[in-house]
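Residues take their numbers from the sequence shown, with the count starting at 1.
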Amino acid sequence: MARAEVLSAYRSVLRATRKSFAGDEPMLKASAAEARKKFDENRHVMSENDINRLLEEAREASHFISTMIVQAKLNERGGYEVKPSKEHAGATLEVPSEEMLKKSV
């Protein structure tokens, strides 16, 4: 049972990252590697309470990635555009400045 739940949580995190970072290969690779690292770090956990806590953290991470992360895309005018989807409805979006975006590249 726990193995199936863990695999489901892992796939959920990966789906969320693929959706949130679609078209951004470096972020797709980095987020997949980070998810793998986190799950591998906890591979040895055997306590049911710890497993349940980690599964809840994975569900929260998946939800956060899906609803709180929006990719800014460079437009033809040289600025960045953010197009939140219906999953982001009601969320407060913090749009990074042009300076922050340039530093992250």
Legend entry - N/O donor-acceptor pair under 3.5 Å between Ser8 side chain and Ala4 backbone: no

Legend entry - ILVMFWY cluster, Leu7 and Leu55 together (side-chain gap under 4.5 Å): no

Legend entry - Asn75 side chain vs Gly78 backbone, donor-acceptor pair below 3.5 Å: yes

Inset, instruction - Decide yes or no on side chain to side chain contact (heavy atoms under 4.5 Å, CB included) for Glu56 and Arg59, but give the supporting numbers first. - result: CA-CA 5 Å; Glu56 182 58 29; Arg59 284 189 281 276; 3.4 Å; yes

Inset, instruction - Please answer whether the main-chain N or O of Met46 pairs with a side-chain N or O of Asp50 as donor and acceptor at a distance below 3.5 Å. - result: no

Inset, instruction - Answer yes or no: is there a donor N or O on one side and an acceptor on the other, between the side chain of Ser20 and the main chain of Thr17, under 3.5 Å? - result: no

Legend entry - Over all atoms of both residues, closest heavy-atom pair of Ala58 and Phe39: CB-CZ, 3.9 Å

Legend entry - Distance-minimising heavy-atom pair for Asp40 and Arg43: OD1-NH2, 2.8 Å

Inset, instruction - Kindly compute the distance separating CZ (Arg15) from CD1 (Ile65), expressed to the nearest 0.5 Å. - result: 12.0 Å

Legend entry - Ile69 side chain near Phe21 side chain, heavy-atom distance below 4.5 Å: yes

Inset, instruction - Examine distances only and state if a side-chain atom of Ser31 and a backbone atom of Met27 form a donor-acceptor pair shorter than 3.5 Å. - result: yes

Inset, instruction - Would you indicate whether the side-chain heavy atoms of Leu28 and Pro26 approach each other to under 4.5 Å? - result: no

Legend entry - Heavy-atom neighbours of Arg36 CZ exceed 12 at 6.0 Å: no

Inset, instruction - Could you tell me whether the side chain of Glu41 reaches within less than 4.5 Å of the side chain of Lys38, counting heavy atoms only? - result: yes

